[in-house]
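One structure is given here, and the rest of the page talks about it.
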Amino acid sequence: MPPVPTPAPGPLDPSSVVGAERPAGHPDLPVRQPAAAELARAATRSAEDALTPPAGDALVPPTGDLLVPPAPTAGRAAPVARVRLGDVVPAPERVAPVAGADFVLTPDTVIRVSPDDAARAVAGQLADLLRPATGYPLPVADGTRAGTGGDIALALVDSADLGPEGYRLDVTSDGVRVEAATGAGLFFGVQTLRQLLPAAVESPTPAAGHWVLPGGSVSDRPRFPYRGAMLDVARHFFGVPDVLRVIDHLARYKLNHLHLHLTDDQGWRIAVDSWPRLAEVGGAGEVGGGPGGHYSRDDYRRIVAYAAERHVTVVPEIDLPGHTHAALTAYGELAPDRVAPPPYTGTEVGFSYVDPTSERTYEFVADVLGELAALTPGPWLHIGGDEAFKVRPEAYAAFVERAQRIVAATGRTVVGWHQIAPAAHSEGRVLQWWGTGGEDPVTADAVRRGARLVLSPANHAYLDMKYAPDTPIGHDWAGLIDVRRAYDWDPGTHVAGVPADAVLGVEAPLWTESVASRAEVEFMLFPRLPAIAELGWSPRATHDWAGFRDRLAGHGPRWAAAGVAFHRSPEIPWPTEPPAPAAPQAAIPTEPEPGAPARPHPAIPTRPEPPAPAAVPRQPGPEEASAPAPPA
Ligand code: NGO
């Protein structure tokens, strides 16, 4: 396998970014290349702002829309594609359309809800989603007698069939009713309801629309309990508003885990009281030499709370024992030679490690994981474990086993990249598989010993891979991944010797060596994130590329209306009609968010790097844990 290529990527190609096309009828006009700063500004509204209009009806200005086609003037109806009940992504378990039973949302619609805090919270979120575009008041009231009288009812019911995340949705001309056994189920039902309205409902400002939902019923629940995405905030740092916005994207597609890759060679991103230099010193840089940054404990709590409100569990990762160069810059005592190295801003891997023979290392691991567990209500702590090429296999296994015990002592369940497979089993442990083949006897053996798998096959689920050879950012070491490749695999049968019941779920990691702004994050997420979400949620029986492709096409106008950047993949039959009303250009925010650090764009060549000490080529296969590859 060749080394990870680390070319300086160019700016996003306007032809592959929505809204930046050559204007029709002017073939000779030069295409305007959005500059890096423009791209970074293009989506600078915070997630909270986008979802929560301030009191009164002073609606928030829209998300930046340099990537979105110019909007039709508000008030003038654009042609709107009719949404069908079966158009939902991820595909629901069962859909039964009923002709002539469409429901029309009106200024008098009331949201009625079971008198329960979790249900009321979802009702409030539904109102917040629908009010900006419709301009309707949509009051929320206790009591769910029916879904009749022109209302939307969100009802908590005692139904074992629906499970902890399932829901039923009934749309009749008299009303809409969502039933679930939990707040999470209602929340996912609301995400379906949202997708059944015309795309213009995603507009953050009042939009012309006939707010009709197609009649019939949907009953739905997920195939896998773990459906996630990962954001690498270590290679490039992303501030809290960016992370909240990513959480919104997850929630939209019924993903329920956000894995934060909090530490790596280039940056340590979480404050640790007992080892303060980790964030202060280790967090002060990033790939390309930008200023980096880190989350304070309050920042992290805010992320966790925002995620929890959207039924998303945060999975924090401290990558150990390798990928620890940033920690070593802060505390040389952890280094094998006890010397703190200078910061690293390149993108090689596999050269750093904390000393597995030193007791001080285990004090560090226990302190860090202990503080993180105290801040993290979710059940998981991810200890990394990938690419510790410089640690001998016996020392590596001993380190992992000790780290697993430290995690268990915090009351959490350990997750690690699948390289931790050779270590002894520990109760409940989960391996995150990122191989590129389907044969992995070492991982299959760990599964036989009790491990479960989260599947992130790099050649299908890695969102940092380029879509096509000319994709301006991203890697290609695991191949090119356009939408079909992201979609066409089965988590239940992907790894030989790993039965479906050992698969906890799927996760789409976004590594950020070349991804430096919110718009670039979205460009890499969309449209592939919904493909992975569908693999995690939908029953295998619904799997069908042609059907998925057609359903996904209708989401382009939704992203456009919401100001979300996406790659206009040629595999998807995007609607050709004018897009749903979007934000007027005049309202594009022109300033970076307060406090947002200026960062160099990856297109700008990074300053020459000191060579990484004996970096090694990427080898994602099972062999790497036992046989470190020689330096390149
Ligand atoms: C690998 C590596 C990461 C890189 C990524 C780039 C894993 C688990 N470790 O995946 O450090 O950023 O590839 O695609």
Side-chain angles (χ1 to χ4, degrees), residues 1-7 9 228-238 259-269 286-288 315 317-326 344-353 382-391 396 400 415-421 430-437 440 443 453-467 471 473-481 486 506-516 520-521 524-525 528 602 612 615-625 628-629:
M1 182 109 23
V4 178
T6 56
M230 187 201 82
L231 183 64
D232 169 8
V233 294
R235 268 54 180 273
H236 280 99
F237 180 63
F238 294 88
H259 169 184
L260 285 177
H261 182 74
L262 289 168
T263 67
D264 214 302
D265 293 318
Q266 300 84 350
W268 183 285
R269 307 301 181 202
E286 62 184 1
V287 166
V315 182
E317 178 187 352
I318 303 294
D319 203 348
L320 298 164
H323 288 273
T324 39
H325 187 89
Y344 181 64
T345 58
T347 58
E348 297 292 343
V349 295
F351 56 88
S352 63
Y353 63 105
H382 198 307
I383 57 166
D386 57 322
E387 300 177 318
F389 297 132
K390 295 286 188 77
V391 182
Y396 174 85
V400 169
V415 188
W417 298 105
H418 74 263
Q419 280 68 35
I420 71 169
V430 172
L431 310 186
Q432 183 168 6
W433 192 82
W434 60 287
T436 54
D440 182 349
T443 294
L453 285 198
V454 165
L455 287 175
S456 303
N459 53 341
H460 294 283
Y462 264 31
L463 299 181
D464 56 315
M465 292 303 130
K466 292 170 181 269
Y467 292 96
T471 304
I473 53 176
H475 290 136
D476 61 5
W477 68 263
L480 301 171
I481 305 181
V506 295
E507 185 181 295
L510 179 58
W511 301 97
T512 59
E513 286 95 332
S514 68
V515 178
E520 290 173 350
V521 167
M524 299 307 262
L525 292 185
R528 294 179 291 196
V616 293
R618 170 98 50 238
Q619 293 204 332
E623 69 281 7
E624 72 186 8

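Since the structure is predicted, the reported quantities are computational estimates derived from the model, not experimental observations. Read the numbers this way: they start at 1 and go in the same order the structure lists the ligands and their atoms.
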| note | The single option from M230, H261, E317 that satisfies side chain to side chain contact (heavy atoms under 4.5 Å, CB included) with H382 is E317

| said: When you compare ligand 1 with D264, is there at least one nitrogen or oxygen pair between them that comes in under 3.5 angstrom? | reply: no

| said: Distance under 4.0 Å to a non-hydrogen atom of M465: what atoms of ligand 1 satisfy this? | reply: 14 (O)

| task | Could you pull out all residues at least two apart from T324 that satisfy side chain to side chain donor-acceptor pair (under 3.5 Å)? | result | none

| field | W417 N/O under 3.5 Å from ligand 1 N/O | value | no

| field | Contacting atoms of ligand 1, where contact means under 4.0 angstrom from a heavy atom of H475 | value | 6 (C), 14 (O)

| Is there a donor-acceptor pair closer than 3.5 Å between any side-chain N or O of D232 and the backbone N or O of T512? | yes

| What's the spacing between F351 CZ and Y344 OH if we round to 0.5 Å? | 5.0 Å

| request: Enumerate the atoms of ligand 1 whose separation from the nearest heavy atom of Y462 is less than 4.0 angstrom. | output: 1 (C), 7 (C), 8 (C), 10 (O), 13 (O), 14 (O)

| task | Below 4.0 angstrom from a heavy atom of D464, which ligand 1 atoms are there? Numbered from 1 as shown, please. | result | 6 (C), 14 (O)

| Within the structure, does E513 bring an N/O atom to less than 3.5 angstrom of an N/O atom in ligand 1? | yes

| query | Are W433 and H460 close enough that their ring centers fall under 6.0 Å? | reply | no

